[in-house]
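Presented below is the structure to which this report refers.
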Amino acid sequence: MNKKIRIIDLFAGCGGLSTGFEMSNFKVITAIEKDARAAETYKFNHKNTKVLNTDIYEVKNPIEILSEPIDGIIGGPPCQGFSLSGKRDPKDPRNSLFMEFVRFVTFIQPKFFVMENVPGILSAKTETKENVVDIILKEFNKAGYNTKYKILNAADFGVPQLRHRVIFIGLRKNIEKNIDELYPEPTQKEYITIGDAILDLPLIAAGEGKEFQKYDNEAKTDFQMWARKNSSGVFNHVAMRHTERLIERFKTIKQGQSLADVSEEHMQRKRGDAKITSGKVYAQNNMRPFLDRPSPTIAASFQSNFIHPILNRNYTAREAARLQSFPDTYIFKGKRTTMSWEKNLSQYQQIGNAVPPLLAKAVATSIYKKLFARI
């Protein structure tokens, strides 16, 4: 039997990246996640992984958290701010959580690493006009790694979603291998659509649903059958409650339209005075996507971004999890939604922030075949 390749996951979130790697002969020894609810979700679904619910800065000696030697480090450090101290360039990634990823790589010296981020990082510049991506490559070079990056579209790898992400892959300099060969080739000839992914789930109305319910339809597509494997039913499939006014607005929005297309009667109202329109129109709000196409990118704010293609309500957490390619056995913990002032991530935010497991699996499988298949 093939040996499991041991890795750790930094900035692990609810576990999308780990899930994909575990689908492909990798074993996650340790995961680090600061948010308590995301860490709770991770622990519930990865019972054999040591999960540290802590700020990564608190891990002073990365070697000490390892119970056994590891071969790789994976993770997606947040890069929204690039700022820790106000004394240096606030947009310099050397001041950011990215450098914590570099610190772990430097300390542990694994054979490889995989770092995921948003495509915007490739056009980002510091205040001194230096390209952020050049700094990233230089820092990994100093750590002893040859590094490349490539934009991958999750839809090319069986995810029912058009989601582009930058994948950095680094190899320790004493490993002679062409990094370009480690990237996966697309596996999907035809993209999986929203309908392919979610139409077998119970068709519940706004305010309906239970934390657990039995399937009430047969699986009709390969993706639906894959998602249901080993699952006893549907978890996290509870629809948000909506006002009648909001439901009436949803009824007027056709597939491919959004809040920007509604008449004045159904426009967003000023808070505190429903007689006055707010004047704010966001084309990404209340978007009803096409049923027969892959989903647009599922972001952390998807609860207000999207309307179900054929029902007059927002997506449930389970529907979004399907669109992110989480299997139905994956159960999300914490509140379904949270207010802006609340500290921990909601189920919706956890799902929207995650790396789609099937995208992660594609990367992991390619790395395994090219680096470890003979072990």
Side-chain angles (χ1 to χ4, degrees), residues 1-7 9 12-29 31 33 37-51 74 154-155 157-161 184 187-188 192-204 209-239 295 298 315-334 336 347-348 350-365 368:
M1 186 171 177
N2 289 332
K3 175 185 174 184
K4 292 278 186 184
I5 307 302
R6 295 162 299 196
I7 59 176
D9 190 349
C14 68
L17 197 55
S18 286
T19 299
F21 269 77
E22 287 179 343
M23 289 174 178
S24 187
N25 223 50
F26 288 82
K27 178 183 178 183
V28 185
I29 303 300
E33 173 50 44
R37 296 289 79 81
E40 183 184 1
T41 295
Y42 192 108
K43 288 178 184 177
F44 186 85
N45 293 283
H46 302 265
K47 293 183 169 59
N48 295 321
T49 299
K50 179 183 178 183
V51 182
I74 63 174
F157 304 98
V159 180
Q161 179 188 169
T187 57
Q188 286 299 123
I192 296 171
T193 68
I194 296 174
D196 293 335
I198 69 171
L199 277 192
D200 63 311
L201 294 170
L203 295 173
I204 56 177
K210 300 176 183 177
E211 280 305 318
F212 174 79
Q213 52 201 302
K214 293 289 186 180
Y215 298 107
D216 61 2
N217 291 301
E218 293 294 322
K220 294 181 176 64
T221 68
D222 289 343
F223 184 89
Q224 292 166 10
M225 287 185 276
W226 170 84
R228 290 186 182 204
K229 188 177 180 181
N230 299 324
S231 179
S232 58
V234 188
F235 294 86
N236 305 121
H237 190 49
V238 180
S295 171
I298 297 290
Y315 283 133
T316 67
R318 177 52 53 194
E319 287 162 345
R322 283 277 189 96
L323 298 177
Q324 279 277 60
S325 75
F326 280 97
D328 288 359
T329 51
Y330 211 90
I331 299 170
F332 298 89
K333 297 295 184 176
R336 286 193 300 278
Q347 293 175 12
Y348 282 61
Q350 292 174 42
I351 293 165
N353 285 337
V355 177
L358 287 183
L359 171 60
K361 179 189 177 185
V363 174
T365 299
Y368 179 79

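Quick caveat: nothing in here was measured; it's all calculated off a predicted structure.
- Surrounding NZ of K229 are at most 12 heavy atoms belonging to other residues, nucleotides or ligands under 6.0 Å away.
- To the nearest 0.5 Å, atoms CG (N353) and OH (Y348) are separated by 15.0 Å.
- Here the closest non-hydrogen pair linking A321 and F332 is CB-CE1, 3.7 Å.
- Residues A364 and F26 share a closest heavy-atom pair of O-CE1, 3.4 Å.
- No close placement of the Y42 and F44 rings is indicated, their centers lying 6.0 Å or farther apart.
- The shortest non-hydrogen separation linking L201 to D216 is C-OD1, 4.4 Å.
- With D200 as reference, R322 is the one residue of R322, E218, M225 to meet the side-chain contact (heavy atoms from CB on, under 4.5 Å) rule.
- A pairwise comparison of heavy atoms in G16 and A360 identifies O-CB, 4.1 Å as the closest pair.
- Taking CG from L358 and CH2 from W226, the interatomic distance works out to 4.0 Å, rounded to the nearest 0.5 Å.
- When the options E211, Q213, R318 are evaluated for a side-chain contact (heavy atoms from CB on, under 4.5 Å) with F235, the one that passes is R318.
- Considering NZ of K210 and CG of N236, their distance stands at 15.0 Å, rounded to 0.5 Å.
- For T329 and N230, the side-chain atoms include no donor-acceptor pair closer than 3.5 Å.
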Q | Candidate pair E33 and D9, rule side chain to side chain contact (heavy atoms under 4.5 Å, CB included), full reasoning | A | CA-CA 9 Å; E33 173 50 44; D9 190 349; over 6 Å; no

Derivation and outcome, side-chain hydrogen bond (donor to acceptor under 3.5 Å, both in side chains), residues D328 and Y215:
CA-CA 11 Å; D328 288 359; Y215 298 107; 2.8 Å; yes

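- Two residues are said to be in side-chain contact when any heavy atoms from C-beta on lie closer than 4.5 Å; E319 and H237 meet this criterion.
- Considering only heavy atoms from C-beta on, Y330 comes within 4.5 Å of T41 through its side chain.
- Within the model, atoms CZ of F21 and CD1 of I5 stand 11.5 Å from one another, a figure rounded to the nearest 0.5 Å.
- Enclosure of atom CG in D222 is not indicated, since only 12 or fewer non-hydrogen atoms of other residues, nucleotides or ligands lie within 6.0 angstrom.
- Taking 4.5 Å as the limit, every side-chain heavy atom of K220 sits out of range of all side-chain heavy atoms of L199.
- Looking at N217, its side chain never comes within 3.5 Å of a backbone N or O of P202 through a donor-acceptor pair.
- Q324 approaches G352 most closely through the heavy-atom pair NE2-O, 3.8 Å.
- Residues that satisfy the salt bridge (Lys or Arg N to Asp or Glu O under 4.0 Å) test with R37, not counting sequence neighbours, are E40.
- Residues S295 and P160 fail the side-chain proximity criterion, which asks for heavy atoms closer than 4.5 Å.
- Here the CG-CD1 distance, from L323 to I351, works out to 10.0 Å after rounding to the nearest 0.5 Å.
- Here the side chains of F157 and S325 are not in contact, with every heavy-atom distance at 4.5 Å or above.
- Within the 4.5 Å cutoff, the side chain of I194 has heavy atoms near those of the Y315 side chain.
- Between the Q224 side chain and the D196 main chain, a donor and an acceptor come within less than 3.5 Å of each other.
- Rounding to the nearest 0.5 Å gives a distance of 6.0 Å between OG of S18 and CD1 of I7.
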Should T316 and V238 be marked as a side chain to side chain contact (heavy atoms under 4.5 Å, CB included) after you check the CA-CA gap, both sets of side-chain angles, and the distance that decides it?
CA-CA 6 Å; T316 67; V238 180; 5.8 Å; no

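- Between the side chain of T49 and the backbone N or O of V28 there is at least one donor-acceptor pair closer than 3.5 Å.
- Between the side chains of H46 and E22, at least one donor-acceptor pair of N or O atoms lies under 3.5 Å.
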